[in-house]
Participant: 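Have a look at this one.
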Amino acid sequence: MTDTVGIAGDRIRSIVERIEHIEEEIKALNEDKKEVFQEAKGEGFDLKVIKEIIRLRKQDKDERDEHESLLDLYLSAMASAETERSKAA
């Protein structure tokens, strides 16, 4: 038989049950989130755009501005390379 001296079985059970309860709550919240997305889709909204807005709102303003600046810079670089390639041809 295993010696359980010094192991607080009731405390472990309490922690495990709390975690299981939280996991159940998360599952329920994810189902609620799915329903809201379906509602938005049903009203004709583009879910990719909605998700992008949510992602952007999680960023702070400086982070968002930096991302937009880099995006503009990379797109400009690609356009310049495309222009130069078509001139060379």
Participant: Scan for side chain to side chain donor-acceptor pair (under 3.5 Å) pairs involving residues 51-65, sequence neighbours excluded, and state none if there are none.
Facilitator: E52-R55, K61-D65

Participant: So that I can tick it off, tell me whether K27 and E24 are bridged by a salt bridge, with the cut-off set at under 4.0 angstrom between side-chain N and carboxylate O.
Facilitator: no

Participant: Out of curiosity, I22 CD1 to R18 CZ, how far, rounded to the nearest 0.5 Å?
Facilitator: 6.5 Å

Participant: First locate atom CZ of R85, then atom CE of M78, and finally report the distance between them rounded to the nearest 0.5 Å.
Facilitator: 9.5 Å

Participant: Look at the side chain of S14 and the backbone N and O of D10, then say whether any donor-acceptor pair between them is shorter than 3.5 Å.
Facilitator: no

Participant: CD of Q38 to CD of E43: how many Å apart, nearest 0.5 Å?
Facilitator: 12.0 Å

Participant: Measure across L47 and F37 and return the closest heavy-atom pair with its distance rounded to 0.1 Å.
Facilitator: CD2-O, 3.3 Å

Participant: Side-chain heavy atoms under 4.5 angstrom apart, residues restricted to Ile, Leu, Val, Met, Phe, Trp, Tyr: same cluster for V36 and V49?
Facilitator: no

Participant: For E17 and H21: C-alpha separation, side-chain torsions, deciding distance, then whether side chain to side chain donor-acceptor pair (under 3.5 Å) applies.
Facilitator: CA-CA 6 Å; E17 288 173 351; H21 179 71; over 6 Å; no

